[in-house]
Amino acid sequence: MNEYNPSEIEPKWQKYWEEQELNKAEDFSKKPKFYCLIEFPYPSGEGLHVGHPRPYTALDILARKRRMQGFNVMYPIGWDAFGLPTENYAIKTGKHPKIITEKNIATIKRQMKMIGLSFDWSREINTTDPKYYKWTQWIFLQLFHKNLAYKAKMDVNWCTKCNVGLANEEVVQNLCERCGGEVYRREREQWMLKITDYADRLLADLGTVDYLEKIKKQQSDWIGKSYGAQVVFKVKSKTMLPKEHMYDLPVYTTRPDTLFGCTYMVVAPEHELIEKFKDQIDNINDVLDYRDQAKHKTELERTNLEKAKTGIELHGLKAINPVNDEEIPIFSADYVLATYGTGAVMAVPAHDQRDYEFAKKFDLLVKEVVAGGNIKKESWIGDGTLVNSEFLNGLNVQPATDKIIEWLENKGFGFQTVNYHLRDWIFSRQRYWGEPIPIIICPRCGYVPVEEKNLPVLLPEVENYQTTENGDSPLALIEDWVNVECPKCGEEAKRETDTMPQWAGSSWYFLRYCDPKNDKILADKKKLKYWTPVDWYNGGMEHTTLHLLYSRFWHKFLYDIGVVPTAEPYAKRTSHGLILGEDGEKMSKSRGNVVNPDDVVKEYGADTFRVYEMFMGPFDQPTPWSTQGVVGIKRFMDKVWAIGNKLDNKKRTNNDEEIRLLHKTIKQLAEQIETLDLNTCVSALMILINKFQDKGCNQEIFEQFLKILSPFAPHLGEELWQKLGHKKSIFLEKWPEYDPELAKDAVKEVPVQINGKMRCKILVTEDMSEEEIKNLALADEHVKKWLEGKEVKKIIYVPGKILNIVI
RNA sequence: GCCGAGGUGGUGAAACUGGUAUACACGAAGGACUUAAAAUCCUUUGGAGUUAAACCUCCGUGCGGGUUCGAGUCCCGCCCUCGGCACCA
């Protein structure tokens with residue numbers, strides 16, 4: 001018998017599978033299609049660490065099993081290659097991002113092939129390829145035509161030293177992560193996409209897809225639909241305008257029923273009210289100082305409920321509560337965000353904890369309007385009877401809400417409305433390494449889209465990847481690229497120099513896999529009709545609210561304009577947990593806890609690596625890597641090899657323990673591969689091989705075992721299969737069927753409890769009646785001992801599960 | 001802080017809709033083989049106690065309470081860890 005030598009057999013079979021084209025997906029095949037998708041990777045300079053292949057391997061197992069079950073499987077791969085880290089690396093080294101990207105892709109591709117992942121490489125795509133981003137730009141133009149892309153002033157983190165807009169992640173304690181320079185929030189014109197127009201459909205259609213519950217919950221919480229009312233307060237200033245000419249200050253509230261309890265107003269420091277009434281606010285300088293301070297805080301800091309509230313009253317202004325004409329003070333406070341609701345809130349300290357704390361600090365009136373709590377101690381947000389509220393008195397919260405909304409609508413003071421936590425998508429980046437936004441800015445015609453025949457707008461070469469002094473992208477410096485004729489009027493105009501975020505290319509890539517080389521359209525409609533929706537999409541939990549939602553939004557838009565045949569892109573979505581370093585921390589270069597798959601494969605082989613990653617723990621939970629744990633899987637592989645090399649064909653094959661266990665295991669794997677309970681699949685395979693080791697095994701049984709093992713350890717499976725005399729790949733075999741009779745236990749061991757504590761076990765066959773089983777239990781020696789001198793009150797029998805005697 | 005997920009032996013973990021807590025594996029200890037070591041194989045391995053022996057008893061699934069014949073699983077209140085919070089991807 002020769003040795004198990006993974007480094008010899010693994011490349012051999014990888015080459016064989018590629019030559020045999022076993023992993024190619026066939027357009028329009030008569031077989032049922034199965035489109036299975038993992039999030040395509042960002043080709044970072046470090047290559048893959050052991051965390052990346054976990055989802056790739058899990059879905060590879062699923063894909064291989066489904067192929068054996070007769071599906072036409074598409075399992076494609078590509079590169080999400082635009083992005084910040086590559087650009088930052090380019091700035092540091094002066095190398096072109098394109099060159100860096102190519103090199104990184106080559107590394108990761110080699111690593112993926114080394115692991116034996118059954119991707120259809122003929123469909124490989126790359127978001128930085130002009131033939132690809134042509135269509136990303138095309139989609140943007142369609143959004144622009146439908147008024148779903150617009151420009152707005154938004155705050156960006158601005159590093160005063162690097163002169164560059166920063167990602168939130170690059171800001172550490174209000175300092176620039178790269179240079180340590182000071183950061184503040186500066187206003188800039190940005191391209192925005194109106195994802196909020198789709199909020200309702202993105203929420204409602206969660207009901208039509210098979211996502212993990214936690215994913216649905218997180219998406220719907222992120223969309224954050226709330227019902228409430230918009231109420232308009234009048235603002236009284238020193239100019240003493242008649243009431244109907246006073247400034248209207250609309251607020252959004254989810255608790256219009258508490259309107260009589262509103263004792264002050266709060267606006268965001270950036271609210272237009274302040275600019276408008278500059279001359280009439282007595283303490284305007286302090287108010288503006290406060291606004292400047294707010295620019296140095298993050299949203300997280302501002303909205304943290306634990307942190308002490310800050311704010312400043314706008315002296316000289318009063319708001320008028322429309323329900324009772326009371327004049328109440330107006331504050332500016334940074335816990336109110338300009339971007340949420342109307343940027344202003346009515347404060348009801350008696351019935352909102354944040355308002356309560358603020359009121360205590362500034363010594364403001366706390367007026368109870370819903371009975372039920374003790375507002376001397378804390379705010380009361382629960383239900384109760386309305387008090388101090390004139391015509392609402394005596395009602396409970398819900399009827400009071402209905403009544404006040406009706407009243408507001410009749411008087412023209414407000415209306416019922418919904419509000420979303422979801423905000424529009426900031427789509428511009430003042431960066432080089434992204435898709436140029438295909439818009440021409442003409443002083444006469446405004447924003448003019450680039451004509452479709454002129455797509456793609458190629459990303460030009462630049463000398464320097466640094467943003468310009470005024471914060472424009474490096475593209476702004478390339479004059480012969482920036483200066484163009486306006487497509488509308490033919491006069492001088494300039495290109496938009498902002499680029500798209502990395503989310504753009506990844507919002508539609510799964511469509512391109514269906515038809516990766518089409519140069520007429522983003523993908524042929526018939527092919528999309530055949531392949532979409534994606535049957536199974538797996539990705540990280542960390543992409544639940546951004547990437548997953550963005551791509552659902554784009555897909556719905558493409559559906560509306562007739563480009564794609566389904567309203568939802570992904571029929572099913574699952575999530576994997578991260579693999580952490582051995583120290584239990586997230587793997588990162590800076591922590592120095594990165595484990596490289598190259599090293600693991602070199603020492604133990606790809607199959608051991610794959611099976612270990614599946615065995616470590618539940619697929620959807622984070623798990624630390626353990627170098628020692630890998631050893632156990634290598635021993636398992638060695639055992640399979642050893643048994644496969646000395647099969648005992650004198651062994652009979654009927655109805656003995658091994659056969660029963662085999663059928664049980666086939667059943668378990670058939671079910672649990674589908675639920676991605678892959679750790680218990682591996683353990684079931686181990687239990688079976690341990691049984692073979694004890695009892696011996698013939699070729700017939702072993703071949704069945706090999707078939708269910710091979711999706712996990714494809715190289716070992718193929719090697720032993722062909723060694724046993726087969727000429728064709730094991731992956732062309734049918735997935736084995738199990739015999740339901742053999743997969744069942746003939747005799748069951750049923751635990752007997754007394755008052756819920758397990759005391760003994762009895763053996764029960766299927767044909768026994770409940771009466772017989774109870775008598776059997778009562779006759780048991782142990783039970784007798786416990787029952788001595790006691791009265792049996794009740795016997796509970798759950799068939800096949802448990803028998804409990806209550807005394 | 002807000003939203004989401006999780007906490008079980010020395011370690012990674014298993015336990016299907018409330019029904020035998022700790023499967024499988026790592027580590028550790030002891031033994032076999034060997035001149036020896038590695039590899040391999042066998043045995044033991046949650047804690048405490050009683051015992052000639054455990055096939056006996058008690059305690060045990062982050063903490064405190066509750067529901068139930070029965071709770072790792074359900075409910076209430078806490079603590080801790082992880083993911084996300086919109087320009088990392």
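Each chain gets a letter, A, B and so on, in the order the sequences are listed, and its residues count up from 1.
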Contact class for A/P501 (heavy atom, under 4.0 Å): base, sugar-phosphate, or nothing?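 No contact.
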Indicate whether OP1 or OP2 belonging to B/G4 is found under 4.0 Å from a side-chain N or O atom of A/K214.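 No, A/K214 has no side-chain N/O under 4.0 Å of OP1/OP2 on B/G4.
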Using only modelled atom types and a 3.5 angstrom limit, is any donor from either the side chain of A/Q753 or the base of B/G19 paired with an acceptor on the other?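 For A/Q753, whose side chain was compared with the base of B/G19, there is a donor-acceptor pair (under 3.5 Å).
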At 4.0 Å (heavy atoms only), tell me whether A/E39 reaches a base, stays on the sugar-phosphate, or touches nothing.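 The answer is nothing, as A/E39 stays clear of every strand by at least 4.0 Å.
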Approximate separation, where rounding is to 0.5 Å, of A/I762 CD1 and A/E749 CD: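 Reported to 0.5 Å precision, the distance equals 10.0 Å.
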In whole Å, I'd like the distance from the CD1 atom of A/I643 to the C1' atom of B/U40.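 Rounded to whole Å, this separation is 13 Å.
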Side chain of A/E170, backbone of A/E177: donor and acceptor closer than 3.5 Å?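 The answer is no, because no donor-acceptor pair under 3.5 Å joins these two groups.
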For a quick test of reading the model: is some side-chain N or O of A/R635 closer than 4.0 Å to OP1 or OP2 of B/A25?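 Answer is no, no contact under 4.0 Å.
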Syn/anti label of B/C82 as read from its glycosidic torsion, with the cut at 90° from 0: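 For B/C82, whose glycosidic angle is more than 90° from 0, the conformation is anti.
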Can A/R573 be said to sit on top of A/Y211's aromatic six-ring, NZ or CZ under 6.0 Å from centre and within 45° of the ring axis?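 Not flagged: A/R573 not positioned over aromatic ring of A/Y211.
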If you look at every strand shown and take non-hydrogen atoms under 4.0 Å, does A/V682 touch a base, only sugar-phosphate, or nothing?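 Contact class for A/V682: none.
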Under a 3.5 Å threshold, yes or no: a donor from one side chain and an acceptor from the other, between A/H576 and A/D620?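 No donor-acceptor contact under 3.5 Å links the two side chains.
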Would you measure the distance from the C1' atom in B/A15 across to the matching atom in B/G9 and give it in whole Å?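 Result for the C1' pair: 15 Å, nearest Å.
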Choosing from B/A89, B/A86, B/G1, which nucleotide comes nearest the side chain of A/L84?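 So the side chain of A/L84 is nearest to B/A89.
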For atom C1', what is the distance between B/U35 and B/A23, given to the nearest Å?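 41 Å, rounded to whole Å.
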What is the distance, to the nearest angstrom, from the CE atom on A/M541 to the C1' atom on B/C3?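 Going from A/M541 (CE) to B/C3 (C1'), I get 10 Å.
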What's A/P41 touching, base or sugar-phosphate or nothing? Going by heavy atoms closer than 4.0 Å.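 A/P41: no heavy atom of the nucleic acid under 4.0 Å.
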Go through the side-chain N and O atoms of A/N804 and A/K794 and say whether any donor and acceptor fall under 3.5 Å apart.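 Per modelled atom types, A/N804 and A/K794 side chains form no pair under 3.5 Å.
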With rounding to whole Å, what would you report as the distance between B/U17 and B/A71 at their C1' atoms?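 So the two C1' atoms sit 14 Å from each other.
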How does each nucleotide of nucleotides 46-52 of chain B score, in 5' to 3' order, for protein heavy atoms under 4.0 Å: base (B), sugar-phosphate only (S), or none (-)? -------
Between B/C42 and B/G60, how many Å separate the two P atoms, rounded to a whole number?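 Rounded to whole Å, the distance is 35 Å.
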Considering only the P atoms, how many Å lie between B/A86 and B/G12, rounded to the nearest integer?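 Approximately 32 Å lies between the P atom of B/A86 and that of B/G12.
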Rounded to the nearest Å, what distance is computed from the CG atom of residue A/D355 to the P atom of nucleotide B/G1?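 Atom-to-atom, A/D355 to B/G1, this comes out as 19 Å.
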If you only use heavy atoms from C-beta on, which nucleotide in B/A25, B/A89, B/C87 is closest to the side chain of A/F615?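 Of the candidates, B/A25 comes closest.
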Can a side chain N or O of A/K757 be found less than 4.0 Å away from OP1 or OP2 on B/C59?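 Yes, A/K757 has a side-chain N/O under 4.0 Å of OP1/OP2 on B/C59.
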Which nucleotide, B/C87, B/A25, B/A23, lies nearest any side-chain atom of A/I687?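 Selected nucleotide: B/A23.
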Expected output: side-chain A/T196 to main-chain A/A199 donor-acceptor under 3.5 Å: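 No, A/T196 side chain to A/A199 backbone: no donor-acceptor pair under 3.5 Å.
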Verify the contact: side-chain N or O of A/W191 to OP1 or OP2 of B/C87, cut-off strictly under 4.0 Å; return yes or no.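 It does not, given that no N or O in the side chain of A/W191 lies less than 4.0 Å from OP1 or OP2 of B/C87.
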A/W503 CH2 - B/C87 P separation (whole Å):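 The distance from CH2 of A/W503 to P of B/C87 comes to 9 Å, rounded to the nearest Å.
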Answer with base, sugar-phosphate or nothing: what part of the nucleic acid does A/W786 contact at a heavy-atom distance below 4.0 Å?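 The answer is sugar-phosphate, as A/W786 gets under 4.0 Å only of primed atoms, P, OP1 or OP2.
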Closest to side chain of A/I426, choosing from B/C87, B/C69, B/C88: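 Looking only at side-chain atoms, A/I426 lies closest to B/C87.
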Any cation-pi pair here, A/K664 with A/Y738, using under 6.0 Å and within 45°?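 Output no; distance or angle outside limits.
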If you only use heavy atoms from C-beta on, which nucleotide in B/U20, B/G27, B/A14 is closest to the side chain of A/K761?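 The answer is B/U20, which lies nearest to the side chain.
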Quick one: which of B/A14, B/G83, B/U20 gets closest to the side chain of A/I802?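 Comparing B/A14, B/G83, B/U20 against the side chain of A/I802, the answer is B/U20.
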Quick check for you: among B/C3, B/C87, B/C85, whose closest atom lies nearest to any side-chain atom of A/W425?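 Selected nucleotide: B/C87.
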B/G30 and B/G70, which share atom name C1', separated by this distance in whole Å: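 Approximately 40 Å lies between the C1' atom of B/G70 and that of B/G30.
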From the options B/C41, B/A25, B/G83, select the nucleotide whose nearest atom is closest to the side chain of A/Q693.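 Ranking B/C41, B/A25, B/G83 by closest atom to the A/Q693 side chain puts B/C41 first.
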Spell out yes or no: do the side chain of A/N804 and the base of B/C69 have one donor N/O and one acceptor N/O closer than 3.5 Å?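 A donor-acceptor contact between them is present.
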Describe the nucleic acid contact of A/Q218 in one word from base, sugar-phosphate, nothing, applying a heavy-atom distance below 4.0 Å.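 Result for A/Q218 = base.
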Under 4.0 Å: is that the gap between some side-chain N or O of A/N690 and OP1 or OP2 of B/C24?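 No, outside the criterion.
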Let me know which of A/Y56, A/Y509, A/W79, A/W508 forms a ring-ring contact (aromatic ring centres under 6.0 Å, His included) with A/F40.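 Of the listed residues A/Y56, A/Y509, A/W79, A/W508, the ring-ring contact (aromatic ring centres under 6.0 Å, His included) partner of A/F40 is A/Y509.
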Determine the contact category for A/T680: base if any of its heavy atoms lies under 4.0 Å from a base atom, sugar-phosphate if only primed atoms, P, OP1 or OP2 are that close, otherwise nothing.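 Here A/T680 touches the backbone only, sparing every base.
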Return the CD to OG1 distance between A/Q430 and A/T499, rounded to the nearest 0.5 Å.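 So the CD of A/Q430 and the OG1 of A/T499 are separated by 7.5 Å.
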For A/Q218 and A/E213, test the side chains for any donor-to-acceptor distance below 3.5 angstrom and give the result as yes or no.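 Note: A/Q218 and A/E213 side chains miss the donor-acceptor criterion.
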Have a look at A/K634 and say if it touches a base, only the backbone sugar-phosphate, or nothing, with a 4.0 Å heavy-atom cut-off.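 Answer is nothing: A/K634 stays at 4.0 Å or more from every strand.
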Watson-Crick or G-U wobble partner for B/G77, using a 3.5 Å limit on both distances?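 Answer to the pairing question: B/C63, which forms a Watson-Crick or G-U pair with B/G77.
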From C-beta outward on A/S683, which listed nucleotide comes closest to its side chain: B/C26, B/C24, B/G6?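 When the side chain of A/S683 is considered, B/C24 is the closest of B/C26, B/C24, B/G6.
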Can you check the A/I689 CD1 to B/A23 P distance for me, whole Å?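 Going from CD1 in A/I689 over to P in B/A23 covers 21 Å.
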May I ask you to verify if any side-chain N or O of A/R423 is less than 4.0 angstrom from the OP1 or OP2 atom of B/C85?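 So the side-chain polar atoms of A/R423 never come under 4.0 Å of the phosphate oxygens OP1 or OP2 of B/C85.
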Donor-acceptor pair between A/Q672 and A/T680 side chains, under 3.5 angstrom: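 A pair is found: one side chain offers a donor N or O, the other an acceptor, under 3.5 Å apart.
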Does either side chain, that of A/T544 or that of A/Q219, offer a donor lying less than 3.5 Å from an acceptor on the other one?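 A/T544 vs A/Q219: no donor-acceptor pair found between side chains.
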Counting only side-chain heavy atoms from C-beta out, which of B/G19, B/U20, B/C82 sits nearest to A/I796?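 The answer is B/G19, which lies nearest to the side chain.
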For B/G9, is chi within 90° of 0 (syn) or not (anti)?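 Classified syn.
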Using the P atom as the reference point in each nucleotide, state the distance between B/C63 and B/U11 in Å, no decimals.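 Their P atoms lie roughly 15 Å apart.
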Considering only atom P, compute the distance from B/G62 to B/U44 and round it to an integer number of Å.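 28 Å, rounded to whole Å.
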NA contact type, A/D620, heavy-atom cut-off 4.0 Å: base, sugar-phosphate, or nothing?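 Counting heavy atoms under 4.0 Å across all strands, no contact is made by A/D620.
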Across the strands shown, which category fits A/L580 at heavy-atom distances under 4.0 angstrom: base, sugar-phosphate, nothing?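 Counting heavy atoms under 4.0 Å across all strands, no contact is made by A/L580.
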